[in-house]
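Following: one structure in C-alpha cells, then a few remarks.
Indexing begins at 1, ligand by ligand and atom by atom, following the structure's order.
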Amino acid sequence: MSNESLANLMSEERSFPPPPALAAEANVTASAYEAAAEDRTAFWAEQARRLSWSTEPTETLDWSDPPFAKWFADGRLNVAYNCVDRHVEAGHGDRVALHFEGEPGDSRTITYAELQREVSRAANALTELGVATGDRVAVYLPMIPEAVITMLACARIGAPHSVVFGGFSADALATRIKDADARVVVTSDGGYRRGKPSALKPAVDEALTRPGTEDVRNVLVVRRTGEETAWTEGRDLWWHDVVDRQPDTHTPEAFDAEHPLYILYTSGTTGKPKGILHTSGGYLTQTAWTHHAVFDLKPETDVYWCTADVGWVTGHSYIVYGPLANGATQVLYEGTPDTPHHGRWWEIVQKYGVTLLYTAPTAIRACMKWGDEIPAKFDLSSLRILGSVGEPINPEAWMWYREHIGGNRAPVVDTWWQTETGAMMISPLPGVTAAKPGSAQVPLPGIAATVVDDDANPVPDGGGGYLVLTEPWPSMLRTIWGDDQRFLDTYWSRFPGRYFAGDGAKKDKDGDIWLLGRVDDVMLVSGHNISTTEVESALVSHPKVAEAAVVGATDPQTTQAICAFVILRGSASEDEGLVEELRAHVAKQLGAIAKPKRVLPVAELPKTRSGKIMRRLLRDVAEHRELGDVTTLTDSSVMELIQRKLPETS
Ligand code: 6R9
C-alpha cells in the first residue's frame with residue numbers, strides 16, 4: 001500500500017503528556033521498555049511471577065516448532081484459583097469483585113469471597129453433569145454474573161468454554177456447538193435489552209435440533225427474566241435447582257500452562273468461523289500484566305468498567321481474566337447505553353465512582369451523536385484513565401472522549417489487539433507515553449510489531465503497509481480449533497515467519513503506529529490505495545458528522561469510487577448543500593483523490609454485536625448486490641433503511 005498522497009493523519013501535532021501525578025505513581029514506567037528490549041523472554045518470565053503457580057515454570061518460550069508456541073510449558077496452575085481464591089486467601093475476601101447493574105435497574109454486589117463460593121458451586125455442578133477435564137462447554141448468556149461464574153467454573157475444572165454472543169442466531173450457535181463438540185450448554189431464559197426481556201433459550205432449543213449437536217447432554221438454564229420457556233425433560237435443568245444445592249467449596253486442580261482455556265469464534269468475513277484457541281499460563285500472564293500496565297490498576301481503590309460483552313474477546317480478557325487475576329473491583333452492566341435514557345452509562349460511572357473505563361469507538365461516536373450536554377449532566381470526575389478498543393478511533397472521537405468524558409484530564413489509551421492476540425499488543429502507557437489522538441502508537445513492552453511492505457520489508461518512518469508481529473507473545477492463539485492448516489494459511493503464510501494481522505497500518509515521522517482498518521477494506525481509486533479509516537476520520541472531523549463508514553464501489557472510470565455513509569450529529573440537519581460541503585471537506589483534508597463520489601446521510605450503520613462497522617454489507621448496497629451473510633449483524637432492519645436511501649442508479 002502506498003499512501004503518500006494522504007498526509008493528514010501523519011501531521012497530527014496534538015500531543016498529551018501523562019498527568020504528572022499519574023506518572024509519578026504509575027505501575028509501569030519507561031524502564032519496562034528497556035527491560036523488555038534487553039531480554040524479551042526474561043521480561044515475560046518476570047511477569048509470569050504475578051501469577052500463583054502450583055508448579056513454577058522453569059521454561060519460558062518453546063519456539064522449536066514455529067508457529068506453534070509453548071509458553072511456561074513445565075509450569076502448572078489453576079486459572080480460576082488465580083482469579084478468585086488467591087485474593088480471598090490474601091485477606092481480600094470482602095473486596096467487591098462485581099458490581100452488577102441489570103438493565104431494569106436491579107443490582108447485585110458480589111465480593112471475592114462470594115465469587116469463590118459461587119464458582120465452587122458451579123464447578124461442582126458441572127462435574128455432577130459429567131463435564132470432565134478437556135470437555136467443551138458452550139456458554140450462551142446475557143451480561144449477568146452467571147456468565148463470569150460459568151467461565152471461571154469451566155476454567156476451574158479444566159473444561160474449555162466456548163462463549164457465543166447472546167445476540168447470535170440459532171444457526172450461528174449450532175455451528176459453534178458443533179465445531180467445538182460441546183457437551184453442555186449454559187444459557188438463560190433471556191436477558192433485558194432495550195427495556196424489555198429478550199429470550200435466549202428458544203435459540204438453544206432450535207440449535208439443538210440441528211445435526212451435529214447430538215453430543216449436548218444437558219442445557220443448564222439461569223432464570224433471569226422469569227418468562228415462560230419451553231422445556232425438554234431430562235436435558236434441560238434449572239441453574240437454581242442444580243447449582244444452588246452444591247457444596248460451596250471446591251478444591252482447584254492444577255493444569256499444565258498449555259492446557260486449553262477456551263475457544264472463541266471470530267466471525268471472519270468468509271467461510272466458517274474460526275475457533276481461536278487460547279491456553280492458560282501465557283494467556284493469563286499477558287492479560288493480567290497488560291491490564292495492570294495499561295489501566296494502571298490500583299486494586300484497593302480503582303473501580304474498573306469494561307463495557308464490552310463477555311461474548312467478545314474484550315470481555316474474556318478484560319472483564320473476566322485480566323481484571324480478576326489482578327483482584328480488581330469492577331462494574332458489570334447488562335444492557336444498552338441508551339436504556340432508559342442516553343445518559344445511562346454516565347449515571348453508572350457516577351453511581352459507582354468508576355475510575356477506569358474501557359469502551360469502543362462505536363460507543364464514543366454514538367455519544368457524540370447524542371450530544372455533549374448528556375455526559376455534562378453527570379459527575380464524571382472519578383475517571384482517571386479512558387481506554388478504547390475495537391476499531392481505529394478517529395482523532396475527533398478521541399478528542400471528544402478526552403474532553404467530554406475525561407474532563408481534559410484523564411489520558412486516553414487506544415489499545416490495538418485481536419481475538420487472536422488474546423491481549424493488548426499496541427498501546428500507549430498512561431504514565432509514560434505522550435498520547436496522540438488516533439494512534440495506538442507503540443508496541444507494549446515485550447511485544448514486537450512493525451509495518452511491512454508487499455515484500456515483507458519494514459517501511460521507513462512515514463511509510464504505510466501491513467501490520468505484522470515479528471516475535472511470539474505469551475497470549476497468542478495456539479491454533480484454530482481442529483484446523484492447524486488454516487492457522488498456518490491465515491496468519492503465517494502471507495509473510496513467512498511473521499504473524500500477519502490483516503490490518504493496514506502506517507508509521508508516522510516519530511515511528512508511531514496508526515492502524516488503518518482491515519486490508520480487505522482498502523480502496524483502490526485511480527491507482528491509489530486509500531484507507532477507509534482515513535476518509536472516515538476526515539468526515540468525522542467535520543462538525544456536523546458523528547460517524548462515517550466508507551467503502552469502495554466498483555466504478556468504470558476509477559476502478560473503485562469512494563462511497564460514504566454518514567450519521568449526522570444530534571443538532572445537524574440534512575440541508576441542501578451538506579453533501580457538497582462534506583465532499584469538499586474531505587478533499588481539503590486529504591486531497592482530491594480521496595474526495596467521495598457519493599455521500600449518503602443515514603440514521604444507522606450496520607455493525608456487528610461487538611460494534612465494528614460491516615463495510616462488506618455497505619459495499620453490497622453500493623454495488624446494488626444482494627446482501628451477503630448478515631448473521632453477525634446486530635440489527636438487520638438497518639440495512640433496509642440504508643437500501644431505501646440509495647438511489648437506484650448513480
Ligand atoms: C480486541 C478486538 C480485531 C480487529 C483488529 C483491528 C480492529 C481492534 C483496534 C483496532 C484500530 C484499535 N481493532 N482494536 N483497530 N485500533 N485500537 O477488537 O478483537 O474482535 O478480534 O477484532 O479489530 O482491525 O484486527 P477482534
[X] bridged to [Y] by N-O distance under 4.0 Å:
| X | Y | result |
| --- | --- | --- |
| Glu471 | Arg498 | no |
| Glu534 | Lys506 | yes |
| Glu536 | Arg365 | no |

One line per pair, note the atom names and distance for all nitrogen or oxygen contacts under 3.5 Å between ligand 1 and the protein.
from: ligand 1; atom 1: 13 (N); to: Gly390; atom 2: O; distance (Å): 3.3
from: ligand 1; atom 1: 14 (N); to: Gly390; atom 2: N; distance (Å): 3.1
from: ligand 1; atom 1: 15 (N); to: Pro392; atom 2: N; distance (Å): 3.4
from: ligand 1; atom 1: 16 (N); to: Glu391; atom 2: O; distance (Å): 3.4
from: ligand 1; atom 1: 17 (N); to: Asp414; atom 2: OD1; distance (Å): 2.7
from: ligand 1; atom 1: 17 (N); to: Thr415; atom 2: O; distance (Å): 2.8
from: ligand 1; atom 1: 18 (O); to: Lys612; atom 2: NZ; distance (Å): 2.9
from: ligand 1; atom 1: 19 (O); to: Thr419; atom 2: N; distance (Å): 3.4
from: ligand 1; atom 1: 20 (O); to: Trp312; atom 2: NE1; distance (Å): 2.8
from: ligand 1; atom 1: 20 (O); to: Lys612; atom 2: NZ; distance (Å): 3.3
from: ligand 1; atom 1: 21 (O); to: Thr419; atom 2: N; distance (Å): 2.8
from: ligand 1; atom 1: 21 (O); to: Thr419; atom 2: OG1; distance (Å): 2.5
from: ligand 1; atom 1: 22 (O); to: Lys612; atom 2: NZ; distance (Å): 3.1
from: ligand 1; atom 1: 23 (O); to: Gly390; atom 2: O; distance (Å): 3.2
from: ligand 1; atom 1: 23 (O); to: Lys612; atom 2: NZ; distance (Å): 3.2
from: ligand 1; atom 1: 24 (O); to: Asp503; atom 2: OD1; distance (Å): 2.8
from: ligand 1; atom 1: 24 (O); to: Asp503; atom 2: OD2; distance (Å): 3.0
from: ligand 1; atom 1: 25 (O); to: Gln418; atom 2: NE2; distance (Å): 2.9
from: ligand 1; atom 1: 25 (O); to: Asp503; atom 2: OD1; distance (Å): 3.1
from: ligand 1; atom 1: 25 (O); to: Asp503; atom 2: OD2; distance (Å): 2.9
from: ligand 1; atom 1: 25 (O); to: Arg518; atom 2: NH1; distance (Å): 2.8

Before you tell me yes or no, could you show the steps for Ile319 and Met143 under side-chain contact (heavy atoms from CB on, under 4.5 Å), namely the whole-Å CA-CA distance, both residues' side-chain angles and the distance that decides it to 0.1 Å? CA-CA 11 Å; Ile319 293 176; Met143 283 288 287; 3.9 Å; yes
Classify the ring geometry between Tyr333 and Trp305 as parallel (under 30°), tilted (30 to 60°) or perpendicular (over 60°).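 Geometry flag for Trp305 against Tyr333: perpendicular rings.
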Does the side chain of Asp521 pick up a donor-acceptor pair with the side chain of Thr532 at under 3.5 Å?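 Short answer, no.
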